[in-house]
Amino acid sequence: MNKIVLITGASSGIGKAIGEFLNNKGFVVYGTSRNPLNYKKSKFTLLTLDVSDENSIKNTVSKIIKKEGKLDVLINNAGKGITGPVEETPLEEIKKAFETNFFGVINVCNTVLPEMRKQKKGLVINISSIAGYMGLPYRGIYSASKSALSIYSEVLSLETKQFGITVVDVAPGDFVTNIAAGRYHTPLFKNSNYKEHYAKVLKQIDAEVNTGLQPEIMAKAIYKIILKKKPKVRYRVGSFMQRYAIHIKRLLPDRLYEKILMKHYKL
Ligand SMILES: NC(=O)c1ccc[n+]([C@@H]2O[C@H](COP(=O)([O-])OP(=O)(O)OC[C@H]3O[C@@H](n4cnc5c(N)ncnc54)[C@H](OP(=O)(O)O)[C@@H]3O)[C@@H](O)[C@H]2O)c1
């Protein structure tokens with residue numbers, strides 16, 4: 001299994017679990033972190049990469065190509081959380097979230113795609129979110145960034161198939177990782193009208209992440225996708241209810257679905 005794999009954001013959580021799993025399966029894994037020296041015990045090679053810094057992406061990708069002569073699989077996993085009422089979330093922070101979750105993926109793809117085109121094959125897996133299938137209260141910016149990513153992936157798939165490149169969008173539900181610790185939480189305005197709702201929903205979001213699935217489940221799903229001859233465009237990996245919520249949304253009138261979401265979040 002001499003497949004060469006690059007995983008962004010592989011210092012913790014889902015990225016780390018995917019890296020360890022694929023490494024155990026015999027893949028040559030290059031993970032990335034903005035500060036790899038903080039993770040000296042990584043079980044696979046961890047290189048420096050910030051998805052918002054084009055030079056760091058170019059350096060890392062060229063290092064891998066120089067050493068291995070190819071790159072078979074790119075997993076765009078780096079991402080960050082952001083919560084808050086959309087009305088009060090600072091524009092600067094909205095831009096930062098998109099910088100990582102959306103523009104960051106484009107940055108990495110734009111560096112890797114020419115290499116894959118030369119090879120006449122390659123697999124790009126973008127990690128979006130089930131939160132990108134629906135606007136979730138107080139996670140609107142995160143939902144929007146992941147929704148944008150999923151649409152980007154669909155289009156990238158259409159446009160790069162001609163070069164032998166396969167693009168797959170994988171949307172996780174809740175998984176127990178460091179995502180909550182690294183999240184940006186909007187500080188509310190002094191007399192904010194959202195205080196009560198936001199506090200209640202944030203508690204629920206944290207509880208749902210903390211009781212989420214183990215990242216190894218995502219790792220196994222990614223492994224299976226890599227082995228597939230013809231992977232689907234989109235996969236959802238999560239609890240039955242979280243995956244089911246997407247189907248329900250498709251079937252029900254929007255206002256009725258909104259009611260269900262509001263009931264779920266006790267709004
Ligand atoms: N956990 C969940 O419930 C869940 C649900 C749906 C989707 N997701 C998505 O799954 C992916 C992995 O998240 P996770 O839950 O495993 O979170 P995590 O444990 O916080 O890991 C996030 C990873 O992203 C990296 N990262 C953050 N900003 C970066 C940047 N600007 N450039 C490069 N790397 C950066 C971090 O690496 P360094 O800090 O070392 O640079 C870290 O390795 C994310 O895209 C997330 O949105 C997670």
Side-chain angles (χ1 to χ4, degrees), residues 6-21 29-42 44 46-57 59-61 74-83 93 95-108 111 125-134 136 139 141-150 152-153 169-184 204-219 221-222 234-239 242-243 245-246:
L6 169 60
I7 309 167
T8 64
S11 60
S12 75
I14 291 171
K16 181 179 174 189
I18 297 170
E20 289 179 354
F21 194 89
V29 176
Y30 290 92
T32 75
S33 162
R34 286 164 295 179
N35 301 296
L37 289 178
N38 293 348
Y39 308 94
K40 285 184 183 152
K41 286 186 181 158
S42 173
F44 48 86
L46 214 48
L47 301 172
T48 309
L49 187 147
D50 183 333
V51 296
S52 56
D53 174 355
E54 281 179 43
N55 282 334
S56 85
I57 300 169
N59 285 341
T60 293
V61 171
L74 164 65
I75 303 175
N76 282 303
N77 166 77
K80 67 175 266 154
I82 177 168
T83 69
E93 296 300 331
K95 286 179 181 169
K96 275 190 205 162
F98 269 78
E99 203 64 62
T100 303
N101 295 352
F102 184 61
F103 300 119
V105 176
I106 297 175
N107 279 342
V108 179
T111 303
I125 300 177
N126 292 336
I127 307 296
S128 60
S129 173
I130 286 181
Y133 280 82
M134 58 201 83
L136 293 177
R139 257 191 293 185
I141 302 307
Y142 181 74
S143 281
S145 69
K146 291 296 189 175
S147 201
L149 174 60
S150 292
Y152 163 78
S153 301
D169 174 276
V170 182
D174 283 320
F175 281 84
V176 189
T177 67
N178 289 337
I179 193 131
R183 247 196 237 130
Y184 172 79
Q204 191 170 339
I205 294 171
D206 283 341
E208 285 172 359
V209 170
N210 291 336
T211 56
L213 302 176
Q214 291 302 316
E216 289 67 30
I217 292 176
M218 266 296 284
I222 296 291
R234 284 181 177 234
Y235 290 87
R236 271 94 39 180
V237 186
S239 69
Q242 288 178 351
R243 284 180 289 121
I246 297 167

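Counting starts at 1 for both ligands and their atoms, in listed order.
Listed as neighbours of ligand 1 are Gly9, Ala10, Ser11, Ser12, Gly13, Ile14, Ser33, Arg34, Tyr39, Leu49, Asp50, Val51, Asn77, Ala78, Gly79, Thr100, Ile127, Ser128, Ser129, Tyr142, Lys146, Pro172, Gly173, Asp174, Phe175, Thr177, Asn178, Ile179, each bearing a heavy atom under 4.0 Å from the ligand.
Identified under the side chain to side chain donor-acceptor pair (under 3.5 Å) test for residues 171-181, with sequence neighbours left out: Asp174-Gln242. Residue pairs meeting the salt bridge (charged side-chain N to carboxylate O under 4.0 Å, His left out) criterion with at least one partner in residues 6-15, sequence neighbours excluded, do not occur; the list is empty.
Salt bridge status for Arg183 with Asp206: present, with a side-chain N to carboxylate O gap under 4.0 Å.
When only modelled atom types and interatomic distance are considered, Asp169 and Asn126 share no side-chain donor-acceptor pair under 3.5 Å.
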Name each donor-acceptor pair under 3.5 Å that joins a side chain in residues 9-18 to protein atoms two or more places apart or in another chain, with its distance.
none

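By the 30° and 60° cut-offs, the orientation of the rings of Phe103 relative to Phe98 is tilted.
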